[in-house]
Amino acid sequence: MWIYEKALQHPVRVSRPDLSFAKLVITQYGGPDGELGASLRYLNQRYSMPTGQAKALLTDIGTEEMAHMEMIAALVYKLVDGASPKDFEEAGWGGQYAQHNHGLFWTDANGVPWCASYIACLGDPIADLTEDMAAEQKARVTYEHLIHLTDDPCVKDTLRFLWEREVVHFQRFGEMLNTVQEHMEKKNMWCGCEVEE
Amino acid sequence: MNCEQQMRMLIEVQEMQFVALELNLYLDTHPCDKDAINDFNCAVEMLTKYKQAYEKEYGPLLNFGIGGYTDEAWQWVNSPWPWQL
């Protein structure tokens, strides 16, 4: 069960609409290292985690990623607010207007639609937690690239908040990887059975 | 509607919720840290207070009955959506 809270995790503001930047930041909505993929990756990997701690962490970070997805959606919504068809065309984003108008869609910065192959689930806690750590690093770098591409201080504030969350999540996943490895040392690594002492 | 006051009260909720969220993630990997458990419970107490104050003025923050009672009017459909604030 999930409950919706009618508030953003962190305020999202823009100084002015900026279609060119909306076209780029949409990748954190539906791109390979974006927030949709992040939330689905963690919430889907929970089921094959071996400990209550690991299930809890993936549930909680997966839920937080949904809140980040909403922040990116709010950011794009504000960046395209009031834009005319001509504005979209001039920003090189006429295709967005033609297919979606002011509606949001899951694509990366190059218009490539979201794809389930962006995420993995091997059903192996070590492989999956390592994938999660890599995913957090890729999202961190993408936020750094995006921060370099805008001069709006309000937009930078939102992106910096999200950047920092990737760093914290990486830390927590690293701790969980150690805990899960210790847990698995008690088991035979080939058959998953308890080792006879 | 006093928009400035609403924003101020919402920021109180958001800030304390962030404290609780950070401690929640920390406790997932450090479940035996007594100080963090104490901090978490303090944050929950403050968060409950801020949430109740906000919801009393502006209606439920959470859907499906979790956010508490509604006014005589169905506030959920009329209070502003997060991306519009």
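Since this is a predicted model, take the numbers as computed values, not measurements. Here is how names work: the chains are called A, B, and so on, in the same order as the sequence lines, proteins then strands, and each is numbered from 1.
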Would you say [X] has more than 12 foreign heavy atoms packed within less than 6.0 Å of its [atom1]?
X	atom1	value
Glu89(A)	CD	no
Trp74(B)	CH2	no
Gln84(B)	CD	yes

Backbone N or O of Ala7(A) within a donor-acceptor pair of the Gln14(B) side chain at under 3.5 Å?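 No.
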Which of residues 24-40 of chain B have a heavy atom under 4.5 Å from any heavy atom of chain A? Asn24(B), Leu25(B), Tyr26(B), Asp28(B), Thr29(B), His30(B), Pro31(B)
Heavy-atom contacts under 4.5 Å, residues 64-73 of chain B to chain A: Phe64(B), Ile66(B)
Is there a path of hydrophobic side-chain contacts, each under 4.5 Å between heavy atoms, that joins [X] and [Y]?
X	Y	value
Val155(A)	Leu85(B)	no
Leu40(A)	Val112(A)	yes
Leu122(A)	Phe173(A)	no
Tyr143(A)	Leu8(A)	yes
Val13(B)	Tyr58(B)	yes

Under 4.5 Å from a heavy atom of chain B, the part of [X] involved:
X	answer
Glu64(A)	side chain
His10(A)	backbone
Leu75(A)	neither
Phe161(A)	side chain

Tell me, for Leu21(B) versus chain A, whether the close heavy atoms (under 4.5 Å) come from the side chain, the backbone, both or neither.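 Just the side chain, heavy atoms under 4.5 Å.
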Answer yes or no on whether Lys6(A) is positioned over the face of Trp81(B), meaning its NZ or CZ is under 6.0 Å from the six-membered ring centre and within 45° of the axis.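 The answer is yes, since Lys6(A) meets both limits relative to Trp81(B).
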Run the ring pair (Phe, Tyr, Trp, His ring centres under 6.0 Å) test against Tyr97(A) and tell me which residues pass, sequence neighbours left out.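 Tyr97(A) satisfies ring pair (Phe, Tyr, Trp, His ring centres under 6.0 Å) with Phe88(A) only.
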Are Lys51(B) and Glu5(A) within salt-bridge range, i.e. N to O under 4.0 Å?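 Yes, charged N to carboxylate O under 4.0 Å.
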With Tyr54(B) via side-chain hydrogen bond (donor to acceptor under 3.5 Å, both in side chains) - residues at least two apart: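 Tyr54(B): side-chain hydrogen bond (donor to acceptor under 3.5 Å, both in side chains) contacts with Gln6(B).
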Quick one: closest heavy-atom pair of Trp83(B) and Lys78(A), and the distance?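 That would be O-CE, 3.2 Å.
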Is any side-chain heavy atom of Pro82(B) closer than 4.5 Å to one of Tyr4(A)? yes
